[in-house]
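Worksheet: the structure to be examined is printed underneath.
Bear in mind the structure is a predicted one, so any value in this text is a computation, not a measurement. Reminder, nothing fancy here: chain letters follow the sequence lines and each chain counts from 1.
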Amino acid sequence: MPYKNKIAARAALEMRSGQVINLGIGIPNLILDYLPAGLEIFVQSENGILGIGPRSAAGSEDRNLIDAGANYVTLNQGASFFDSALSFALIRGGRVDLSFLGTLEVSQNGDLANWIIPGKMAPGIGGGMELAQKAKRVIVTTSHTTREGGPKILTQCNLPLTARGCVKTIITELAVIDVTPQGLMLREIAVESSLDEVQEKTDAPLLFPPGDIPRF
Amino acid sequence: MPYKNKIAARAALEMRSGQVINLGIGIPNLILDYLPAGLEIFVQSENGILGIGPRSAAGSEDRNLIDAGANYVTLNQGASFFDSALSFALIRGGRVDLSFLGTLEVSQNGDLANWIIPGKMAPGIGGGMELAQKAKRVIVTTSHTTREGGPKILTQCNLPLTARGCVKTIITELAVIDVTPQGLMLREIAVESSLDEVQEKTDAPLLFPPGDIPRF
Amino acid sequence: MIDKTTTISNALNRVHDGHTVMIGGFGGPGTPFTLIEFLHQQGTKNLTLIKNDANEPGMGISKLLESGQVQTLIASHIGLNPAAVAMMNRRELEVLLYPQGILAEKIRAGGAGLLGFLTDIGVDTILRDSREVIHLDGREAILERALRADVTLIHAAIADRAGNLIFAKSARNFCPLMATAADQVIVEAEMVVETGSLDPDQVHLPGAFVDFILALDELTPEYGILPQHAL
Amino acid sequence: MIDKTTTISNALNRVHDGHTVMIGGFGGPGTPFTLIEFLHQQGTKNLTLIKNDANEPGMGISKLLESGQVQTLIASHIGLNPAAVAMMNRRELEVLLYPQGILAEKIRAGGAGLLGFLTDIGVDTILRDSREVIHLDGREAILERALRADVTLIHAAIADRAGNLIFAKSARNFCPLMATAADQVIVEAEMVVETGSLDPDQVHLPGAFVDFILALDELTPEYGILPQHAL
């Protein structure tokens with residue numbers, strides 16, 4: 001399984017029935033492919049939709065129905081449409097239970113940096129800042145390291161922040177890590193990885209729970 | 001014709017086809033009874049309606065359809081419903097062409113005082129302050145004097161204001177008076193009244209246009 | 001399937017003494033008379049109520065006012081309820097009155113996760129004296145804070161089990177705004193339909209804002225035509 | 001009966017050089033491609049555009065950007081349009097970017113006749129440095145001003161002749177907000193129906209906000225499925 005799919009599959013297990021969930025662009029967009037059987041969630045999209053289903057099959061797209069990443073999507077039972085102001089009222093008003101976001105950097109205290117590389121990439125914030133700051137729970141889904149192999153999980157972020165202290169959990173192809181008041185706590189580790197590898201590729205100290213660390 | 005109906009009938013002539021119009025409580029509520037033939041207006045109600053028609057005939061009321069004065073009303077073709085925030089967006093955003101309001105006092109520079117008598121009557125502002133301040137045109141429909149015969153049209157208001165300088169026209173059972181930069185200009189006079197009577201019952205100097213003053 | 005319908009007691013035992021409660025409705029339409037009646041019977045007290053108006057004596061929230069369950073009422077106009085006006089004048093009830101659209105905006109701002117907004121409504125009136133005033137481009141503006149509540153009670157015409165709502169005619173008014181602005185939202189619905197039976201383009205309020213639904217068995221006379229307002 | 005339908009030239013000659021123009025749409029859905037194409041052909045310039053995004057190269061408002069008709073673009077995210085990003089980076093186009101929901105609120109605030117609002121979004125980030133900051137209860141808040149435009153251009157699925165609008169699915173997005181926030185509002189509609197044929201409870205935007213309606217004869221390929229976003 002490609003690493004992105006592995007992350008998405010693991011991330012899917014964090015959802016609970018009844019939750020309102022926002023899926024960011026990139027890896028989060030793959031999560032619906034791994035929806036556990038029987039789980040009933042309400043996927044919100046910033047452009048004014050609640051109740052998104054899987055992406056539309058080729059040939060069955062609806063020209064009026066895209067998600068915030070411009071993908072043609074389907075609807076689940078109980079879906080609804082609304083304007084952009086209400087869509088962000090839902091986000092900023094605290095009705096999004098879970099927001100999955102990609103990132104450039106994430107720090108040991110949950111700071112998130114995913115929207116700007118000064119002088120290099122600044123296409124706009126989109127809905128990410130409001131989701132990061134106001135969703136009840138933010139989970140970062142990301143490759144454990146940069147394309148060049150450098151760490152993305154850091155003692156502190158170097159890039160400008162999207163929101164401070166917002167990330168609760170980090171899911172990578174190597175590990176599931178919770179951001180706790182004490183620091184980064186390793187919750188699970190990939191079957192093909194090791195404690196040493198995870199720590200080596202993480203530029204912040206990791207805490208380990210007592211006993212065996214579950215594998216995924 | 002009772003004086004209230006006379007005022008309403010004259011006020012009805014101020015409307016133009018296509019206008020969005022808000023009718024306050026009291027005399028303004030009678031205006032629809034005198035709608036000129038062929039005139040197509042859109043009556044807005046603060047509780048979230050555009051396109052109100054006449055009051056419901058006895059026995060044909062709809063329990064879900066009242067205006068802001070709690071009267072059961074009918075709908076015209078092209079009506080729509082919306083929430084209270086959009087209703088006041090329509091008002092404060094400048095899309096109400098004409099607001100008819102009753103008053104306690106009105107001054108020669110168009111100040112309106114119609115919501116509070118300190119220590120005596122203060123049931124709340126309702127939608128009146130926003131209508132007075134933001135409708136494109138405010139017409140006051142009122143008895144020319146108080147129940148005790150005292151003046152309501154004054155050099156300046158004694159009561160706390162609803163909005164400053166908002167009134168463009170005053171319609172009473174005796175006269176139609178425009179508020180102009182030069183002062184109160186008598187536009188029309190009731191057939192049964194006289195210039196002397198109107199001036200006597202008005203506690204502010206009146207200007208008279210050249211030539212005959214039309215009667216109504 | 002997610003099913004937010006529940007019993008009235010399970011829903012309303014979330015309202016506790018001292019809570020701030022938003023209650024939908026403009027006059028009769030949209031007022032959740034059944035939920036209010038139960039709250040009255042439940043005896044919850046020291047409430048702060050947020051509602052456009054005070055209904056009329058003996059009806060709707062006037063029951064809560066008259067029984068002394070309410071400490072503070074935040075409203076726009078209570079002129080149709082002389083009982084409430086009398087309590088206000090006797091200082092048995094604290095009443096905070098706002099221009100109607102400003103009240104709607106304060107609630108909406110709470111629902112939209114804003115801190116407040118700036119308006120010129122009332123800057124030239126005595127309202128200004130009791131408000132926070134800031135200067136903007138050399139002119140005065142009134143700063144209005146966002147309002148939120150512990151619980152919102154509203155009435156809907158139709159709900160699906162996931163909480164998607166449709167309101168009828170002028171019964172919409174403050175209901176969808178208040179549903180965005182409380183930690184827990186309780187809806188009484190005249191009809192409950194299966195999830196999936198509403199057209200997504202015609203839903204007035206997405207189910208994400210709704211926590212509990214009470215299916216109304218009957219509409220008591222309060223919901224009907226009030227003779228005093230008919231011709 | 002009131003009939004707001006008109007010709008495209010009569011509608012669009014209200015857009016003048018130097019105007020601020022709001023344009024509906026999130027990606028394709030809701031974008032008034034026909035009105036934009038005519039505005040492109042009309043050659044109106046020095047425009048300030050307000051739109052969520054910049055569409056994609058060669059499409060929608062990108063035509064106006066690429067032809068140099070636009071001085072300033074106020075948006076939320078232009079990442080799907082490398083042409084716009086390149087113009088921004090070469091400083092051929094001034095781009096002001098806001099968090100998406102803040103942009104929506106700024107437009108809504110303009111439409112609601114407010115002066116601005118207060119938010120905590122971004123107070124802990126570099127955004128703060130380019131914003132107006134005030135202190136509220138000992139904490140910092142960002143003051144965002146209301147946005148208004150000379151003209152708004154939007155796309156609707158159905159309009160009646162009085163201007164009541166219904167939007168389709170995710171094509172609603174910014175359209176109804178922008179329609180409240182401009183001095184003149186021009187709508188292109190896929191279908192125009194007689195006034196009285198829409199259910200008043202299902203109207204998404206009341207006709208009072210609409211000045212001109214263009215009945216679309218055909219939907220050009222821009223309105224269709226974009227292969228680059230399909231599976």
Practice task
Could you have a look at G27(D), G122(D), A84(D) and say which one has the most heavy-atom pairs with chain A under 4.5 angstrom?
Solution key: G122(D)
Exercise for the section: Select, from L86(A), V73(A), D62(A), N71(A), the one with the greatest count of heavy-atom pairs under 4.5 Å involving chain D. Expected result: D62(A)
Completion exercise
Okay, E222(D) and chain A: the region with an atom under 4.5 Å from a heavy atom over there is neither
Problem - A68(A) versus chain D, the contacting section by heavy-atom distance below 4.5 Å - result: both
Handout entry: Heavy-atom contact with chain D under 4.5 Å, split by part of E130(A)
Key = both
Problem - Backbone N/O of N55(D) and side chain of S62(D): donor-acceptor pair under 3.5 Å - result: no
Problem - Under 3.5 Å: donor-acceptor pair, side chain of Q133(A), backbone of V123(D) - result: no
Exercise for the section: Go through the atoms of F88(A) and report whether side chain, backbone, both or neither lie under 4.5 Å from a heavy atom of chain D. Expected result: side chain
Practice task
Validate the cation-pi geometry between K6(A) and F216(A): distance from NZ or CZ to the six-membered ring centre under 6.0 Å, angle to the ring axis within 45°.
Solution key: yes
Problem - Check: N173(D) side chain, D83(A) main-chain N or O, donor-acceptor pair, under 3.5 Å - result: no
Practice task
For the residue pair E56(D) and H229(D), confirm or rule out a side-chain donor-acceptor distance under 3.5 Å.
Solution key: yes
Fill in the blank from the handout: The interface call for I66(A) against chain D, heavy-atom contacts under 4.5 Å, is both
Exercise for the section: Check whether any side-chain N or O of E46(A) sits under 3.5 Å from a backbone N or O of G126(A) as a donor-acceptor pair, and report yes or no. Expected result: no
Handout entry: Short side-chain donor-acceptor distance under 3.5 Å, N109(A) and S107(A)
Key = yes
Practice task
Indicate the ring-plane relationship of Y223(D) and F33(D), choosing parallel, tilted or perpendicular according to the 30° and 60° boundaries.
Solution key: perpendicular
Handout entry: Residue L219(D) versus chain A: region with a heavy atom under 4.5 Å
Key = side chain
Practice task
Identify which part of I78(D) has an atom lying under 4.5 Å from any heavy atom of chain A, answering side chain, backbone, both or neither.
Solution key: both
Handout entry: Interchain contact, S56(A) with chain D, by part (heavy-atom threshold 4.5 Å)
Key = backbone
Problem - Under 4.5 Å from a heavy atom of chain A, the part of N89(D) involved - result: neither
Exercise for the section: Against chain A, label Y98(D) side chain, backbone, both or neither, depending on which of its atoms sit under 4.5 Å from a heavy atom there. Expected result: backbone
Handout entry: Best-contacting candidate, P160(A), A70(A), G127(A), against chain D by heavy atom pairs under 4.5 angstrom
Key = A70(A)
Completion exercise
Turns out that what part of L103(D) lies under 4.5 Å from chain A's heavy atoms comes down to neither
Fill in the blank from the handout: Whatever's closer than 4.5 Å to a heavy atom in chain A on P99(D) counts as both
Exercise for the section: Please round to the nearest 0.5 Å and tell me the distance separating atom CG of L73(D) and atom CD1 of I61(D). Expected result: 5.0 Å
Handout entry: Part of S45(A) within contact of chain D (heavy atom distance under 4.5 Å)
Key = neither
Fill in the blank from the handout: chain A shares the most heavy-atom pairs under 4.5 Å, among S76(D), A75(D), A54(D), with S76(D)
